[in-house]
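The next block holds one structure in the form of structure tokens; read it before the comments.
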Amino acid sequence: MKGAVIGCGFFAQNHLHAWRDIPGVEIVALCDTDPVRLQSTARAFHIKRTYSDAADMLAAGGFDFVDIITTVSTHRLLVELAAQAKVHIICQKPFADTMEDAHAMVAAAKSANKTLMVHENFRWQSAVQAALQVVKSGEIGDPFFGRVSFRSGYDVFSGQPYLAEGQRFIIEDLGIHLLDIARAFLGDVSHIAATTRRMNPAIQGEDVATMLLNHENGATSVVDCSYATQRFPETFPESLLEIDGSRGTLRLDAGYRLSVHGVSERQRDVSPVLLPWAEKPWHNIQESVLSIQQHFLDCVTRGVEPQTSGSDNLKTLALVEAAYTSAEKQCMISLS
Ligand code: NAD
Ligand code: 89V
């Protein structure tokens, strides 16, 4: 399978390392509007075809899929161009700025009869997958409560300066991952209520959010995130989990410690592997990039819908929108 990449910035380096690790896939073309990033990435990954215009690259073709690793405002245009070029598409989160754009992208891929997956990688972290396996095995019974928590004081702004500039920050950038994890454990959501706060005066958007979710199956979850939490040891970028079921409980605590109190009581270390190109503390996220890209290729090859397809991601994106509305209006929002 041959692929092309649009966007050679901060996070694209992880995608490119991961593509190189997956047997049977080759990235044959690169595109970035920034010539310096384009050429340095092409040199680092030995990619010969380079383009400053995505339309030119897609017109030239010669690949089966495109990986879009640009920031959100460009996604709709690039996804629609890729759909017109009849290639499969994997697109970074946040998928869209508006629900209208998200629906348009899903429709474009559908009419081209091509796979469209959102690169929603947090559920693919190995520690989260280990916890999901316990719940799916039925060992803790019917889950009725969940907590997904990410609290950190890590400086994300030096690597990703745009995160400090938007009117929206933590729900749109990070909460979106945690809402997707809550959906993976407890299913779709009927109502959400949220509060937000900005603690860091140097940024524009909110850096603290607390969300309460009613799931369609009757379960409740709390999804809380903060980049204003000075803690020791620092847990970036770990998502901590609590799941209570009718027959037991599960905890994913700091330091990747998974505790299960079900049929038996046990604790195990579910730390991610440190891939040769990865570095701590990002190795958790970097490993999940490899896993989600492998999932994308498996689904394209088998012709099945990926877990976080464009159409599935509409539900996560709707939660993000509803969380902001709830925080602004100070009320619970129905998703129906
Ligand atoms: P970045 O700004 O460092 O890189 C984006 C690159 O895209 C830049 O080099 C820019 O020149 C290029 N670009 C922009 N518009 C373009 C266009 N029309 N055609 C070609 N190139 C274009 O951003 P980043 O930090 O790499 O983030 C990219 C995306 O990845 C964001 O949506 C971000 O939310 C997401 N991200 C996801 C994770 C994760 O774990 N899933 C982590 C970090 C970032
Ligand atoms: O995963 C992300 O989207 C990143 C970070 C972990 C910093 O929030 O932007």
Side-chain angles (χ1 to χ4, degrees), residues 4-18 29-42 50-58 66-82 90-97 101 117-125 128 150-166 168-181 203 205-207 209 225-227 234-239 272 278 281-293 296 308 313 316-317 320:
V5 159
I6 307 177
C8 300
F10 171 77
F11 207 66
Q13 312 306 310
N14 296 317
H15 287 226
L16 285 160
H17 277 293
L30 277 186
C31 172
D32 199 299
T33 46
D34 177 329
V36 176
R37 285 180 169 186
L38 179 63
Q39 291 311 328
S40 67
T41 307
T50 57
Y51 297 83
S52 59
D53 185 335
D56 290 345
M57 184 177 79
L58 287 157
V66 69
D67 184 6
I68 299 171
I69 324 167
T70 55
T71 45
V72 63
S73 62
T74 59
H75 288 174
R76 179 169 175 180
L77 176 73
L78 295 171
V79 166
E80 288 179 343
L81 279 173
I90 173 167
C91 177
Q92 257 297 343
K93 50 58 66 180
F95 187 34
D97 272 331
D101 283 356
M117 183 174 108
V118 178
H119 197 291
E120 179 42 80
N121 53 322
F122 268 40
R123 69 161 73 183
W124 287 99
Q125 291 170 9
V128 175
F150 185 114
R151 312 193 75 79
S152 169
Y154 187 84
D155 170 24
V156 285
F157 309 108
S158 53
Q160 297 166 264
Y162 56 89
L163 294 178
E165 292 156 13
R168 292 176 167 188
F169 168 40
I170 201 167
I171 299 178
E172 179 183 82
D173 182 68
L174 173 75
I176 196 167
H177 291 305
L178 310 178
L179 291 166
D180 182 68
I181 290 178
I203 68 170
E206 83 291 350
D207 53 1
C225 47
S226 162
Y227 272 124
E234 172 56 70
T235 52
F236 179 88
E238 293 178 50
S239 306
W282 286 85
H283 62 307
N284 174 27
I285 289 180
Q286 288 164 318
E287 186 197 24
S288 72
V289 168
L290 177 59
S291 303
I292 193 174
Q293 291 178 192
F296 172 73
T308 54
N313 198 256
T316 304
L317 215 52
V320 169

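Atoms within each ligand, like the ligands themselves, are counted from 1 in listed order. Basis for what follows: all heavy atoms, side chains included, without hydrogens, waters or symmetry-related copies.
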Shortest protein heavy-atom distance from atom 2 (C) of ligand 2, along with the residue and atom involved: His177 NE2, 3.4 Å
For Trp282, is at least one N or O under 3.5 Å away from an N or O on ligand 1? no
Is it the case that ligand 1 has an N or O less than 3.5 angstrom from some N or O of Phe10? yes
Ligand-side contact atoms (ligand 1) for residue partner Thr74, heavy atom cut-off under 4.0 Å: 15 (N)
Of all protein heavy atoms, the one nearest atom 4 (C) of ligand 2 is Asp173 OD2, 3.6 Å
Between Glu172 (side chain only) and Pro94 (backbone N and O only), is there a donor and an acceptor less than 3.5 Å apart? no
In ligand 1, the atoms that come under 4.0 Å of a heavy atom of Cys31 are 20 (C)
Are Ala54 and ligand 1 in contact, using a heavy-atom cut-off of under 4.0 Å? no
Short list, please: which atoms of ligand 2 are under 4.0 Å from a heavy atom of Tyr227? 5 (C), 6 (C), 7 (C), 8 (O)
How far is atom 3 (O) of ligand 2 from its nearest protein heavy atom, and which residue and atom name does that atom have? Lys93 NZ, 2.5 Å
Can you sort out which atoms of ligand 1 are near Asp34, meaning under 4.0 Å from one of its heavy atoms? 11 (O)
Sub-4.0 Å heavy-atom contact, Ser52 with ligand 1: no
Taking the side chain from Gln13 and the backbone from Cys8, do they hold a donor-acceptor pair closer than 3.5 Å? yes
Looking at side-chain heavy atoms only, is the closest gap between Ser239 and Gln125 below 4.5 Å? yes
Indicate yes or no: does an N/O atom of His75 lie under 3.5 Å from an N/O atom of ligand 1? no
Side-chain heavy atoms of Ile176 within contact of Phe95, under 4.5 Å: no
Looking at non-hydrogen atoms alone, which of Thr33, Leu78, Val156 comes nearest to atom 21 (N) of ligand 1? Thr33
Determine, step by step, whether Phe150 and Ile181 satisfy the side-chain contact (heavy atoms from CB on, under 4.5 Å) criterion, reporting the C-alpha distance in whole Å, the side-chain angles of both residues, the deciding distance to 0.1 Å, and the verdict. CA-CA 12 Å; Phe150 185 114; Ile181 290 178; over 6 Å; no
Flag Phe11 as yes when one of its N or O atoms lies below 3.5 Å from any N or O atom of ligand 1, and as no otherwise. yes
Tell me: protein heavy atom nearest atom 1 (P) of ligand 1, and distance? Arg37 NH1, 3.7 Å
Indicate the ring-plane relationship of Phe157 and Phe169, choosing parallel, tilted or perpendicular according to the 30° and 60° boundaries. tilted
Are any non-hydrogen side-chain atoms of Thr308 and Ile292 less than 4.5 angstrom apart? yes
Keeping Glu206 on the side-chain end and Ile171 on the backbone end, is there a donor-acceptor pair under 3.5 Å? yes
Looking only at protein heavy atoms, which one is nearest to atom 28 (C) of ligand 1, and what is the separation? Ile69 O, 3.5 Å
Do the charged groups of Lys93 and Asp173 touch, with an N to O distance under 4.0 Å? yes
Take the angle between the ring planes of Phe11 and His119 and call it parallel below 30°, perpendicular above 60°, tilted in between. perpendicular
For atom 7 (C) of ligand 2, closest protein heavy-atom neighbour: Gln160 OE1, 3.2 Å
For ligand 2, indicate whether the residue Phe169 contacts it via side chain, backbone, both or neither (heavy-atom separation under 4.0 Å). neither
Taking the side chain as everything from C-beta on, heavy atoms only, tell me whether Tyr51 gets closer than 4.5 Å to Leu58. no
When distances are taken from atom 4 (O) of ligand 1, the protein heavy atom at minimum range is Gly9 CA, 3.3 Å
Under 4.0 Å to a heavy atom of Pro94 - the qualifying atoms of ligand 1, by number: 32 (O), 34 (O)
Less than 4.5 Å apart, any side-chain heavy atom of Ile6 and any of Met57? yes
Phe157 near ligand 2 by a heavy-atom separation under 4.0 Å: no
Please state whether Phe122 comes within less than 4.0 angstrom of ligand 2, counting heavy atoms only. yes
Report, in ascending order of atom number, the atoms of ligand 1 lying under 4.0 Å from any heavy atom of Ile285. 40 (O)
Closest to atom 31 (C) of ligand 1 (judged by heavy-atom distance), picking from Val289, Thr70, Ile6: Thr70
After noting the C-alpha distance and the side-chain angles of Leu174 and Tyr227, does the key distance pass the side-chain contact (heavy atoms from CB on, under 4.5 Å) rule? CA-CA 10 Å; Leu174 173 75; Tyr227 272 124; 3.9 Å; yes
Of Leu30, Asp32, Thr50, Asp34, the residue whose pairing with Gln39 passes side-chain contact (heavy atoms from CB on, under 4.5 Å): Thr50
Compute the shortest N/O to N/O distance between Lys93 and ligand 1 and return yes if it is under 3.5 Å, no if not. yes
Measure the shortest side-chain to side-chain distance between Thr235 and Tyr154 over non-hydrogen atoms and say whether it is less than 4.5 angstrom. no
Evaluate the criterion side-chain contact (heavy atoms from CB on, under 4.5 Å) for residue pair Gln92 and Ile68; output intermediate values, then yes/no. CA-CA 6 Å; Gln92 257 297 343; Ile68 299 171; over 6 Å; no
Protein contact of atom 10 (C) of ligand 1 - nearest heavy atom, named by residue and atom, plus distance: Asp32 OD1, 3.5 Å
Considering distance alone, does some N or O of Tyr162 sit under 3.5 Å from an N or O of ligand 1? yes
Using heavy-atom distances only, which candidate in Gln160, His15, Gln92 approaches atom 44 (C) of ligand 1 most closely? Gln160
Evaluate the criterion side-chain contact (heavy atoms from CB on, under 4.5 Å) for residue pair Asp97 and His75; output intermediate values, then yes/no. CA-CA 9 Å; Asp97 272 331; His75 288 174; over 6 Å; no
Taking only non-hydrogen atoms of His177, do any sit less than 4.0 angstrom from ligand 1? yes
When you compare the side chain of Pro237 with that of Pro281, does any pair of heavy atoms fall below 4.5 Å? yes
Give the residue, atom name and distance (to 0.1 Å) of the protein heavy atom nearest atom 40 (O) of ligand 1. Asn121 ND2, 3.1 Å
Please list, in number order, the atoms of ligand 1 under 4.0 Å from a heavy atom of Asp173. 34 (O)
